[in-house]
**Q** 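Below are the structure tokens for one structure; questions will follow.
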Amino acid sequence: MELGISTACFYPKPLEQAAYEAAQMGVSNAEVFINTESEFRPDYIEALRELLSTHGLRVTSVHPYTSPMEGQMLLSDYARRTEDGMKMYARYFEAARGLGARYFTFHGERSVIRDRDAADIARKVDAYRRLCELAAGQGLVLAQENVAWCKSENPNYLRMLYEQVPELGFTLDLKQAHRAGHHWGEYLDAVGDRVVNVHLNDFDSTRSCLLPGEGAMDYAAFFQRLHALHYSGHLLIEVYASNFADRAQFRRSVEYLEPFVYGRVKAAQPVG
């Protein structure tokens with residue numbers, strides 16, 4: 001396993017500044033959160049990759065700013081919009097390849113959308129297959145993330161999706177599981193060895209997103225489960241800029257996680 005960070009931790013700093021900040025946190029991998037159209041132009045991607053390489057940061061995955069619209073763009077019954085959305089995501093996948101990423105994080109439909117019938121579900125499953133194929137053409141795995149306000153918050157929905165689309169990967173987000181009222185283990189039960197990426201964060205009884213080690217998350221149990229699944233992928237700290245005051249606080253969280261990630265001890269003391 002390898003520990004990393006999401007550039008989303010430093011939003012709304014411009015992406016190149018966020019990438020620089022990420023490189024100062026003592027990790028070697030990053031998820032790049034693309035925030036706007038101009039940030040996946042080929043010239044920008046080339047410059048960003050050079051910046052990341054200069055600072056010794058490898059890109060694990062890419063997250064699109066259009067996540068809240070993916071249901072409408074890619075999974076609705078308006079065929080022309082779906083085709084335009086597929087073209088846009090093909091450009092995302094090219095940008096992700098240009099950064100050297102292996103995974104592409106995907107949210108999918110909002111939970112308020114109801115499937116009309118079996119044909120409606122089949123059409124959406126077909127769209128997932130097309131996206132997976134487009135991603136694979138760029139050497140990527142499309143990775144469905146569990147998101148509290150999306151259909152993916154439901155482990156049973158994920159079971160159906162993974163049965164129908166075997167090439168689909170999974171990104172587990174701990175805070176999103178907590179916000180949805182599910183234990184993180186329910187998602188691992190649903191997807192098993194399909195998990196390819198993990199977003200690390202923490203929570204307590206009043207706050208749903210904290211730096212790892214600053215809340216009630218049982219990381220000892222979590223890493224035991226990952227080891228049982230023979231998980232050997234990336235673990236990316238993903239919080240909001242409001243969840244930490246400075247680099248020192250963030251790096252304490254990195255130091256808290258390192259014994260778990262690299263197997264030096266079975267447990268570590270909370271950050272405090």
Side-chain angles (χ1 to χ4, degrees), residues 1-11 13-35 39-40 44-64 93 95-105 135 138-141 143 145 169-175 195-202 210-214 217 219 222-223 226-227 229-241 243-244 246-266 268 271:
M1 291 186 280
E2 290 189 66
L3 186 59
I5 187 173
S6 171
T7 63
C9 296
F10 308 100
Y11 182 86
K13 289 184 177 181
L15 177 52
E16 60 274 15
Q17 292 184 26
Y20 173 79
E21 290 291 341
Q24 309 309 305
M25 296 303 175
V27 297
S28 59
N29 297 278
E31 178 171 88
V32 168
F33 198 116
I34 292 176
N35 299 297
E39 290 178 352
F40 58 98
Y44 182 88
I45 290 297
E46 183 178 353
L48 182 62
R49 180 169 186 168
E50 184 175 343
L51 171 68
L52 292 164
S53 178
T54 297
H55 292 288
L57 205 58
R58 298 188 301 274
V59 177
T60 298
S61 55
V62 166
H63 195 304
F93 298 152
R97 181 195 64 181
L99 291 171
R102 297 174 60 190
Y103 308 110
F104 189 89
T105 302
Q138 300 294 338
L140 299 168
V141 173
E145 181 180 7
F170 181 67
T171 293
L172 173 64
D173 189 296
L174 298 178
K175 72 175 175 298
V195 59
V196 296
N197 221 0
V198 177
H199 288 166
L200 297 178
N201 26 69
D202 212 326
L210 298 167
L211 279 171
E214 294 188 354
M217 173 68 190
Y219 270 104
F222 178 66
F223 276 90
L226 291 184
H227 285 300
L229 287 171
H230 304 290
Y231 182 71
S232 59
H234 299 89
L235 303 124
L236 304 162
I237 300 173
E238 187 190 68
V239 296
Y240 304 109
N243 297 135
F244 59 98
D246 51 35
R247 289 181 187 173
Q249 183 185 359
F250 202 106
R251 294 196 67 157
R252 285 195 296 272
S253 185
V254 171
E255 291 167 1
Y256 166 78
L257 287 168
E258 285 177 333
F260 291 116
V261 175
Y262 302 115
R264 291 196 288 267
V265 297
K266 293 184 178 179
V271 174

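Since the model is a prediction, treat every value here as computed from it, not as a measurement.
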**Q** What are the two closest non-hydrogen atoms of Glu145 and Asp173, and how far apart are they?
**A**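 So the two residues come closest at OE2-OD2, 3.1 Å.
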**Q** Could you check if a side-chain atom of Ile237 sits within less than 4.5 angstrom of a side-chain atom of Phe244, using non-hydrogen atoms only?
**A**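 The answer is no; the side chains never approach within 4.5 Å.
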**Q** Excluding sequence neighbours, so at least two apart, what forms salt bridge (Lys or Arg N to Asp or Glu O under 4.0 Å) with Glu2?
**A**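 Here the qualifying residues are Arg58.
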**Q** Kindly indicate whether the side chain of Leu226, heavy atoms from C-beta on, has any atom under 4.5 Å from the side chain of Leu235.
**A**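 Leu226 reaches Leu235 side chain to side chain.
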**Q** For residues Phe10 and Phe33, determine if any side-chain heavy atom of one lies less than 4.5 Å from a side-chain heavy atom of the other.
**A**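 Not in contact.
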**Q** Looking only at heavy atoms, which two atoms of Ala143 and Thr171 are closest? And how far apart?
**A**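 Looks like CB-OG1, 3.3 Å.
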**Q** With side chains defined as the heavy atoms from C-beta onward, is the minimum distance between Met1 and Phe223 less than 4.5 Å?
**A**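 They are in contact (side-chain heavy atoms under 4.5 Å apart), so the answer is yes.
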**Q** Looking at side-chain heavy atoms only, is the closest gap between Val32 and Leu48 below 4.5 Å?
**A**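 Val32 vs Leu48: side chains touch.
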**Q** Report the C-alpha separation of Glu214 and Arg252 in whole Å, then their side-chain angles, then the decisive distance to 0.1 Å, and conclude whether the salt bridge (Lys or Arg N to Asp or Glu O under 4.0 Å) test is met.
**A** CA-CA 10 Å; Glu214 294 188 354; Arg252 285 195 296 272; 5.6 Å; no
**Q** What are the two closest non-hydrogen atoms of Gly213 and Asp202, and how far apart are they?
**A**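 Nearest heavy atoms, Gly213 then Asp202: N-OD2, 2.9 Å.
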**Q** Are more than 12 heavy atoms, taken from residues, nucleotides or ligands other than Glu46, located less than 6.0 Å from that residue's CD atom?
**A**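 Not buried by this count: 12 neighbours or fewer within 6.0 Å.
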**Q** Where do Glu258 and Leu3 come nearest, in terms of heavy atoms and distance?
**A**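 The answer is CG-CD2, 4.2 Å.
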**Q** Would you mind reporting whether Tyr44 and Leu15 have side-chain heavy atoms less than 4.5 Å apart?
**A**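 Yes, their side chains come closer than 4.5 Å.
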**Q** Between Glu31 and His199, do the side chains contain an N or O donor and an N or O acceptor separated by less than 3.5 Å?
**A**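 A donor-acceptor contact under 3.5 Å links the two side chains.
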**Q** Looking at side-chain heavy atoms only, is the closest gap between Gln24 and Arg251 below 4.5 Å?
**A**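 Heavy-atom side-chain distance check fails, nothing below 4.5 Å.
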